[in-house]
Every structure is written in C-alpha cells, then in structure tokens.
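Remarks on the structure that follows.
Heavy-atom basis, side chains included; hydrogens, waters and symmetry copies ignored. Chain identifiers are assigned alphabetically (A, B, ...) following the order of the sequence lines, protein sequences preceding nucleic acid strands; residue numbering begins at 1 within each chain.
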2 protein chains.
Amino acid sequence: MTFEEKITLNGFRLTAPRKKILSILTNQKQPISFEEYSAIDPLIDKSTFYRTMQSFEQAHIINGIESDEGKRYFELNETIHPHFICQHCHAITCLNPLPLISLEGYHVESIIFKGKCPLCSDS
Amino acid sequence: MTFEEKITLNGFRLTAPRKKILSILTNQKQPISFEEYSAIDPLIDKSTFYRTMQSFEQAHIINGIESDEGKRYFELNETIHPHFICQHCHAITCLNPLPLISLEGYHVESIIFKGKCPLCSDS
DNA sequence: CATTCTAATGCAACTAAGTTGCAATAAACC
DNA sequence: GGTTTATTGCAACTTAGTTGCATTAGAATG
Ligand SMILES: [Mn+2]
Ligand SMILES: [Mn+2]
Ligand SMILES: [Zn+2]
Ligand SMILES: [Zn+2]
C-alpha cells in the first residue's frame with residue numbers, strides 16, 4: 001500500500017507532513033521517538049507530529065510503544081511482531097514474529113520483553 | 001523477609017517513609033503509581049517517594065512498570081511473573097508465572113502483554 | 001549517653017514529553 | 001475559482017518525574 005492510500009483510505013487529508021512522516025517511518029528498522037524523528041525532519045512541528053501519531057495509531061497505521069524512559073516510540077504497523085526493550089542501553093528492538101501466546105480471558109495484541117540486549121549481555 | 005531486613009540488608013537506613021512504603025506495597029495486589037500511593041499515604045513527599053523507588057529498584061526490592069499513559073507503576077519484587085496492560089481501561093494486572101521464554105542472545109527479565117483485559121473484551 | 005558523620009528527608013524550583021487553544025492555511029469537493 | 005472544514009503551526013499549558021539545598025535524623029564510635 002502506498003503512503004497516499006494509507007492516508008486517504010482512512011478519510012485523512014493528504015498533507016505534506018503526513019506524507020513525510022510515513023515516508024520516514026518506512027525507512028526505519030526500529031521504532032523512533034519524536035526526538036529521533038525531528039533529527040531527520042527538523043522542520044516538523046511537535047504538535048503536528050504527536051497529533052498525526054494519535055490519528056494514525058487509532059487508524060492502526062502505526063504502533064506506539066512506551067520506552068523505559070517515559071518516551072513513546074512509533075513504527076509502521078505492518079507485520080505484527082514482539083519487541084525487546086533493553087533496560088541497560090534502552091534500545092527498542094523489533095523481534096521476529098512469535099507463535100501467538102494466548103491467555104485465558106485476555107485478548108493479547110502485543111508482547112514486550114524486557115531485559116538485557118545481546119550487546120549489553122556481553123559487557 | 002521483614003521490611004527492616006529488606007531495607008538494611010542493602011545498606012539503606014531504616015527510616016519512617018521507607019518502612020511505610022514497603023508496608024503499603026506489601027498490601028497491594030497490583031502495581032501502583034505515585035498518584036495511587038499518595039492517596040493511601042497523603043503525607044508522603046513526592047521526591048522521597050520517587051527517590052525511594054529508584055534506590056529500591058536498583059536493589060531489586062521493587063519493580064517499576066511503564067504504563068500506557070506515561071506513568072510508572074511499582075510493586076514488590078517477589079515471585080517473578082508477567083503483566084498485562086489493558087489498552088482500553090489501562091489497568092495493569094499481575095499474571096500467573098509463565099514458563100520462561102528464551103530469546104537467542106537476549107537475557108529476558110520480564111514480559112508485558114498488551115491488549116484488552118477480560119472486562120474490556122466483553123463490552 | 002553524647003558526639004560525629006553523612007544518608008535521607010522535605011520543600012520549592014525546575015525539566016521535558018506530550019497536549020491544547022486558536023487563528024491561519026490549504027486539502028477536498030462542487 | 002469559491003466554499004467548507006480538516007489540518008497546520010505557534011505559543012501557552014500540563015504534569016510526571018527530577019534536582020538543589022538546607023535541615024533532620026539514622027547509625028556508628030567511644
Ligand atoms: Mn517493531
Ligand atoms: Mn506484578
Ligand atoms: Zn542493551
Ligand atoms: Zn481493560
């Protein structure tokens with residue numbers, strides 16, 4: 001699906017900030033924060049960014065993930081997969097899809113593992 | 001282990017706020033935030049609370065969990081178990097211990113499931 | 001017990017991620 | 001092109017959590 005389709009199929013207007021946000025998120029291997037995003041797109045407005053994240057998250061175009069440090073990280077919502085948050089270096093990593101775990105009564109939508117990433121486990 | 005032991009074995013001084021914090025956390029079935037804690041212990045100072053959480057977390061006396069809403073929730077670190085965060089009502093629930101999942105290269109210390117809790121799945 | 005040392009407290013001021021109000025702008029639809 | 005209304009961009013705000021610092025009070029020592 002193109003950026004244009006992702007945006008317009010949900011009834012959103014096709015604006016410059018939205019196209020840029022989707023294009024940049026497409027190039028990321030890992031979720032990014034506003035701080036990281038605005039390093040790539042320095043002219044972005046904070047409100048526009050966060051409002052876009054809210055609308056796109058509700059439309060399931062993107063996922064938000066809470067870091068250990070009180071920041072939100074965002075990624076495109078393509079194939080569902082779990083994430084790992086390193087409590088040492090605070091990196092957020094996308095993991096390979098995992099066989100779905102079911103919990104009686106609960107409707108599980110995502111899984112986050114926490115601990116030490118490979119880099120931090122060595123040292 | 002008594003509150004006194006938990007505190008002093010880590011080289012911390014035995015103070016009134018620390019004893020009260022541990023006694024209140026002991027009575028909780030689920031992790032609680034500062035907001036919830038201070039409803040139970042209205043005289044607690046915010047700095048004292050958060051500084052205690054930091055020291056106790058480093059000493060592995062308590063666990064901190066990030067909610068979906070940018071707040072930290074705290075619980076005693078007794079038996080390790082996963083948690084469920086409802087993305088609808090935002091409740092944080094302790095789950096029963098789960099067979100340990102291992103991820104090649106990663107050192108997993110905790111697992112958080114997100115989705116809809118039983119109450120919110122019905123409605 | 002009194003003395004000393006220093007960790008911990010409590011208060012106020014601060015920080016920073018994220019939100020909100022609102023006037024100006026520009027998509028979308030005719 | 002003209003009208004309508006969602007969206008932008010700016011500044012002001014909110015709020016969870018942190019920090020600096022003077023005061024207090026554990027704990028160790030004699
Ligand atoms: Mn991912
Ligand atoms: Mn728990
Ligand atoms: Zn790491
Ligand atoms: Zn719920």
Side-chain angles (χ1 to χ4, degrees), chain A residues 2-24 31-59 61-74 85 87 90 92, chain B residues 2-24 31-59 61-74 85 87 90 92:
Chain A
T2 64
F3 304 152
E4 276 75 7
E5 286 169 332
K6 275 193 180 121
I7 294 170
T8 54
L9 285 180
N10 288 283
F12 296 124
R13 289 186 182 175
L14 203 57
T15 68
R18 286 175 176 167
K19 282 188 272 187
K20 186 144 201 190
I21 285 172
L22 283 193
S23 112
I24 289 179
I32 61 174
S33 63
F34 170 69
E35 196 183 5
E36 292 166 339
Y37 179 88
S38 64
I40 304 172
D41 178 11
L43 296 182
I44 189 70
D45 178 74
K46 201 165 42 143
S47 308
T48 302
F49 177 84
Y50 283 117
R51 281 193 282 232
T52 303
M53 294 303 108
Q54 282 192 335
S55 336
F56 282 12
E57 200 169 2
Q58 280 170 36
I61 297 171
I62 60 144
N63 291 328
I65 300 168
E66 291 289 327
S67 81
D68 253 33
E69 308 179 290
K71 287 188 195 171
R72 276 183 80 73
Y73 283 69
F74 304 96
I85 299 180
Q87 285 168 325
H90 306 293
I92 301 187
Chain B
T2 65
F3 304 152
E4 276 76 6
E5 286 168 333
K6 276 193 179 121
I7 295 170
T8 53
L9 285 180
N10 287 282
F12 296 124
R13 287 187 184 174
L14 203 58
T15 68
R18 287 176 177 166
K19 281 187 272 187
K20 186 144 202 190
I21 285 172
L22 284 194
S23 112
I24 290 179
I32 61 173
S33 63
F34 170 68
E35 197 184 4
E36 293 166 338
Y37 179 87
S38 64
I40 304 172
D41 178 11
L43 297 182
I44 189 70
D45 179 74
K46 199 161 48 140
S47 308
T48 302
F49 177 85
Y50 283 117
R51 280 193 283 232
T52 303
M53 293 303 108
Q54 283 193 333
S55 334
F56 282 12
E57 200 169 1
Q58 281 170 36
I61 297 172
I62 59 141
N63 291 329
I65 300 169
E66 291 289 327
S67 82
D68 253 32
E69 308 179 289
K71 286 189 197 171
R72 277 184 80 74
Y73 283 69
F74 303 96
I85 299 180
Q87 285 167 325
H90 308 293
I92 301 185

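Note: CD (A/E69) to P (D/dT18) measures 11 Å, nearest angstrom. Regarding A/I44, its CD1 atom lies at a distance of 12 Å from the C1' atom of D/dT7, rounded to whole Å. The NZ-P distance, from B/K46 to D/dA16, rounds to 8 Å in whole Å. If you measure from atom OH of B/Y37 to atom P of D/dA16, you get 18 Å, rounded to the nearest angstrom. Put simply, NZ on A/K71 is 14 Å from C1' on D/dG17, counting in whole angstrom units. When rounded to the nearest whole Å, the span between CZ of B/F49 and P of D/dG17 equals 9 Å.
The side chain of B/Y50 places an N or O atom within less than 4.0 Å of a non-bridging phosphate oxygen (OP1 or OP2) of D/dG17.
Comparing A/D45 and B/F34 along DNA chain D, the residue whose closest nucleotide (by nearest heavy atom) sits nearer the 5' end is A/D45.
If you check every strand for non-hydrogen atoms under 4.0 Å, A/R51 touches a base. Among the protein residues, A/Q54 comes within range of the sugar-phosphate backbone only, with heavy atoms under 4.0 Å from sugar or phosphate atoms but none that close to a base.
One finds the CD atom of B/E35 at 7.0 Å from the OH atom of B/Y73 (value rounded to the nearest 0.5 Å). Atoms OG1 and CG, from A/T48 and A/L43 in turn, are 11.5 Å apart once rounded to the nearest 0.5 Å. Between atom CZ of residue A/F56 and atom CD1 of residue A/I7 there is a gap of 4.5 Å, rounded to the nearest 0.5 Å.
Remark: side-chain polar atoms of A/N10 are not paired, donor with acceptor, to backbone N or O of A/F12 under 3.5 angstrom. Between the side chain of B/R18 and the backbone N or O of B/R13, at least one donor-acceptor pair lies under 3.5 Å.
Nucleotides of DNA chain C with any atom under 4.0 Å from a heavy atom of chain B span, from 5' to 3', C/dT6 to C/dA12.
By the 30° and 60° cut-offs, the orientation of the rings of A/Y50 relative to A/F34 is tilted. A/F49 and A/Y37 have tilted rings, their planes meeting at an angle from 30° to 60° on a 0 to 90° scale.
For the contact set between residues 3-19 of chain B and DNA chain D, defined by any heavy atom under 4.0 Å, the members are B/R13, B/L14.
Remark: A/E4 engages no residue in a salt bridge (charged side-chain N to carboxylate O under 4.0 Å, His left out) (not counting sequence neighbours).
A salt bridge links B/R72 and B/E57; the closest N-O separation between the charged side-chain nitrogens and carboxylate oxygens is under 4.0 Å.
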